[in-house]
Q: 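To start, I am sharing the structure in question, which I have written as structure tokens.
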There are 2 protein chains.
Amino acid sequence: MGKDRALTQSRQKGRLEKILAELERASEFDQLQSVSEQLRDYFEIDHLVYHWVSSSGQQYGFGTYSDDWVQRYVEKDYLRVDPVIQGCYQRFHPVDWKRLDWTGKAARAFQAEAQGFGVGNQGYSVPIRGPNGQFALFTVSHNCDDATWAEFTEKNRRELILIAHFFNHAALELEPDRAPEQAQALSPREVDAMTFLAMGYSRAQVAETLSISEHTLRVYIESARFKLGAVNTTHAVARALSRGLIVI
Amino acid sequence: MGKDRALTQSRQKGRLEKILAELERASEFDQLQSVSEQLRDYFEIDHLVYHWVSSSGQQYGFGTYSDDWVQRYVEKDYLRVDPVIQGCYQRFHPVDWKRLDWTGKAARAFQAEAQGFGVGNQGYSVPIRGPNGQFALFTVSHNCDDATWAEFTEKNRRELILIAHFFNHAALELEPDRAPEQAQALSPREVDAMTFLAMGYSRAQVAETLSISEHTLRVYIESARFKLGAVNTTHAVARALSRGLIVI
DNA sequence: CGCGGCCTCGCCATTTCTGGGGAGAAAAGA
DNA sequence: TCTTTTCTCCCCAGAAATGGCGAGGCCGCG
């Protein structure tokens with residue numbers, strides 16, 4: 001490796017270090033926005049976005065997408081169409097957009113419109129999950145051919161994972177009102193009840209499975225519903241699931 | 001900074017690089033075990049453990065804890081007592097053991113017993129969550145005073161986060177992947193129906209919201225139920241949620 | 001052009017869930 | 001020790017969901 005190149009690399013590393021340090025100190029939206037732009041420039045890519053979906057479905061984020069696109073995305077509720085969301089929601093690990101399912105009419109229409117707003121044809125997204133069903137996605141996207149993109153992601157994978165986490169940390173600082181929504185834990189019996197209900201058991205079946213009377217079971221369901229702020233059983237099960245209190 | 005120290009640092013970095021590369025290639029338990037030990041030596045700490053809890057409650061892991069301790073932990077179902085698990089389960093971010101709640105009889109007894117098995121008084125754990133309630137914890141632990149530990153975690157935070165992710169990646173390779181039964185897509189109306197039901201709306205409310213008759217709504221619910229292989233509405237909503245077909 | 005999928009609407013009877021009460025025992029924590 | 005939480009059981013009536021029957025129009029695909 002030539003001396004110059006090594007020097008450049010070292011200088012580059014230093015630049016990234018500086019941005020990361022700023023990211024770690026960041027506590028306001030504008031700072032995160034600025035860091036996003038610096039990182040975009042550093043990586044020499046088209047876009048870089050952090051997108052957060054709370055357990056209640058609210059979403060927000062920051063990054064380099066145009067305001068038009070963000071607004072349209074929220075307006076049109078593209079959360080429910082976006083293959084990146086759909087795909088990453090079921091995945092553990094960072095994923096290249098190429099590996100997602102872009103067949104399907106809605107997906108292709110979405111893709112076309114996204115590219116109209118300057119979103120790249122290539123992308124790489126890092127999913128992060130929270131304890132109560134929160135879901136965040138850190139995405140870099142770019143317009144280039146497959147080989148170039150593969151090289152980029154291979155080279156910067158580690159940095160991207162780290163940045164995703166730092167963004168996530170910063171985003172949580174932004175959001176102060178998590179506490180009230182902090183999941184009140186369910187009692188073991190309540191967890192049992194919710195779990196079997198989520199598995200499709202009727203109340204009678206759950207009661208029999210747990211060897212308790214159906215009346216008793218009802219008390220659990222009701223108290224779980226109360227704790228979860230749910231208006232009916234289905235709602236309670238949905239909340240318990242998306243807050244990670246039960247697993248099926 | 002002296003030249004020698006810089007050299008040492010660089011050499012150290014190279015050593016870590018080598019271990020990480022091995023970790024990234026690892027695909028078998030023994031390799032991961034070996035990497036754990038190398039990392040322990042590299043960081044000069046007492047223990048380093050990766051611990052995985054699957055959605056069905058099964059747990060496994062690898063690391064440098066003694067077999068005796070691991071066996072005891074599993075036997076005694078310490079998962080339900082361990083403040084590290086309890087604490088990290090509700091947290092987004094890596095956490096220092098000092099910040100956990102060690103009051104409580106069971107917790108203190110657990111702590112005492114753990115230290116008897118050589119687990120350090122200091123620890124730092126990185127939680128990682130999966131799409132279906134999986135929960136993994138990467139932990140480093142050591143015996144030292146607070147200041148030394150604070151310095152260590154501050155210095156190696158980034159590396160630890162990365163290692164946690166690489167371990168996680170490798171652990172997933174280990175796991176005989178349960179075939180993620182191809183989620184059959186729901187029609188848009190079915191998605192609407194499931195979504196509102198998951199939000200706690202009654203049938204009548206959903207029908208009104210979607211401006212369709214309640215009977216039509218029933219057809220959607222039934223076809224969604226059929227597609228999802230669910231026996232009732234709650235079951236269908238639960239499946240739609242955990243397959244990521246709907247988001248609330 | 002037929003086939004399948006999607007969207008829309010109706011009636012019946014039966015089962016299941018929900019909301020409002022009340023009450024005692026056991027276990028865990030402060 | 002005392003308090004709180006958890007677990008267990010019981011009543012009733014009204015609301016909601018389910019299962020099974022049928023019907024027509026619209027769209028895209030091969």
Side-chain angles (χ1 to χ4, degrees), chain A residues 80-81 103-109 183-240 245, chain B residues 77 80-81 83 86 101-111 184-238 245:
Chain A
R80 306 187 191 285
V81 178
T103 63
K105 209 173 128 191
R108 275 200 303 271
Q184 184 174 4
L186 298 177
S187 80
R189 281 311 225 189
E190 287 159 358
V191 170
D192 292 341
M194 289 293 110
T195 302
F196 285 118
L197 288 172
M199 288 165 59
Y201 288 34
S202 71
R203 294 209 302 206
Q205 287 175 308
V206 176
E208 197 194 343
T209 306
L210 296 178
S211 303
I212 55 177
S213 80
E214 198 179 326
H215 307 276
T216 304
L217 177 70
R218 268 187 52 195
V219 177
Y220 297 144
I221 299 174
E222 272 167 37
S223 78
R225 223 176 30 223
F226 177 75
K227 287 181 182 176
L228 295 167
V231 298
N232 57 35
T233 302
T234 301
H235 195 194
V237 168
R239 289 205 157 176
L245 300 174
Chain B
D77 206 16
R80 306 193 184 283
V81 179
Q86 302 294 321
D101 177 22
W102 294 93
T103 64
K105 213 173 128 191
R108 275 200 302 274
F110 170 81
Q111 189 181 29
Q184 185 176 2
L186 298 176
S187 81
R189 282 313 226 188
E190 287 159 359
V191 171
D192 291 342
M194 289 295 110
T195 303
F196 285 118
L197 288 172
M199 287 164 61
Y201 287 34
S202 71
R203 277 193 191 174
Q205 287 175 307
V206 177
E208 197 195 341
T209 306
L210 296 179
S211 303
I212 56 177
S213 81
E214 196 177 330
H215 186 82
T216 303
L217 176 71
R218 270 185 53 194
V219 177
Y220 297 145
I221 298 175
E222 273 168 37
S223 78
R225 219 171 41 216
F226 178 74
K227 288 181 182 174
L228 295 166
V231 298
N232 58 37
T233 301
T234 301
H235 195 194
V237 168
L245 300 175

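Note that these values count all heavy atoms, side chains included, but never hydrogens, waters or copies made by symmetry. So you know, we letter chains A, B, ... as the sequences are listed, proteins then strands, and number each from 1.
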Q: Taking all heavy atoms of B:L217 and all of B:A193, pick out the closest pair and write down the distance.
A: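 Heavy atoms of B:L217 and B:A193 come nearest at CD1-CB, 3.7 Å.
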
Q: Do you know which two heavy atoms are closest between B:R225 and B:V231, and how far apart they sit?
A: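 Here B:R225 and B:V231 meet closest at CD-C, 3.9 Å.
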
Q: Do any of residues 217-225 of chain B sit with a heavy atom less than 4.0 Å from DNA chain D, and if so which?
A: B:R218, B:R225

Q: In residues 192-207 of chain B, which ones come under 4.0 Å of DNA chain D, going by heavy atoms?
A: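 When residues 192-207 of chain B is checked for heavy atoms under 4.0 Å from DNA chain D, the hits, listed by number, are B:S202, B:R203.
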
Q: Hey, does the side chain of A:Q205 reach the backbone of A:S202 with a donor-acceptor pair shorter than 3.5 angstrom?
A: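 Such a contact is found between A:Q205 side chain and A:S202 backbone.
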
Q: Per the side-chain contact (heavy atoms from CB on, under 4.5 Å) rule, which among B:T209, B:L197, B:L210 passes with B:D192?
A: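 When side-chain contact (heavy atoms from CB on, under 4.5 Å) is applied between B:D192 and each of B:T209, B:L197, B:L210, only B:L210 qualifies.
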
Q: Side chain to side chain contact (heavy atoms under 4.5 Å, CB included), that's the test. Do A:Y220 and A:I212 meet it? Break it down for me.
A: CA-CA 11 Å; A:Y220 297 144; A:I212 55 177; 3.5 Å; yes

Q: Can you see if the side chain of B:S213 gets near the phosphate of C:dC9 - specifically, an N or O under 4.0 Å from OP1 or OP2?
A: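 The answer is yes; a side-chain N or O of B:S213 sits under 4.0 Å from OP1 or OP2.
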
Q: Between atom NE2 in B:H235 and atom C1' in D:dA17, what is the gap in whole Å?
A: 17 Å

Q: Please name the pair of heavy atoms, one in B:A198 and one in B:V237, separated by the smallest distance, quoted to 0.1 Å.
A: CB-CG1, 3.5 Å

Q: For A:V231 and B:P188, take the nucleotide of DNA chain C holding the closest heavy atom to each; which residue's nucleotide lies nearer the 5' end?
A: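 Nearest nucleotide further toward 5': that of B:P188.
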
Q: With a cut-off of less than 4.0 Å, is there a side-chain N or O of B:T216 near OP1 or OP2 of C:dC9?
A: yes

Q: For a side chain to side chain contact (heavy atoms under 4.5 Å, CB included) check, start with the C-alpha distance between B:I221 and B:R203, then their side-chain angles and the critical distance, and finish with the verdict.
A: CA-CA 9 Å; B:I221 298 175; B:R203 277 193 191 174; 4.1 Å; yes

Q: Separation of B:N232 atom CG from D:dG19 atom P, in whole Å?
A: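 The answer, rounded to whole Å, is 8 Å.
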
Q: Answer yes or no: side-chain N or O of B:H215 and base N or O of C:dC11 forming a donor-acceptor pair under 3.5 Å.
A: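 Looking at the base of C:dC11, it does pair with a donor or acceptor on the side chain of B:H215 (distance under 3.5 Å).
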
Q: List in chain and number order the residues that pass salt bridge (Lys or Arg N to Asp or Glu O under 4.0 Å) with B:E208, two or more places apart in sequence or in another chain; answer none if no residue qualifies.
A: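 Scan of B:E208 (salt bridge (Lys or Arg N to Asp or Glu O under 4.0 Å), adjacent residues dropped) gives none.
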
Q: Rounding to a whole Å, what distance do you find between A:R189:CZ and C:dA27:P?
A: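 The distance from CZ of A:R189 to P of C:dA27 comes to 14 Å, rounded to the nearest Å.
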
Q: Could you state the atom-to-atom distance from CD of A:E214 to P of D:dC9 in whole Å?
A: 12 Å

Q: The side chain of A:K227 is closest to which nucleotide in this list: D:dT6, D:dG20, D:dC10?
A: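 Nearest listed nucleotide: D:dT6.
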
Q: Whole angstroms only, please: what is the CZ-P distance between B:F226 and C:dG4?
A: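 Spelled out: CZ on B:F226 to P on C:dG4 is 14 Å.
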
Q: Considering all heavy atoms of both residues, which atom of B:N232 and which atom of A:G200 are nearest to each other, and what is their separation?
A: ND2-O, 3.0 Å

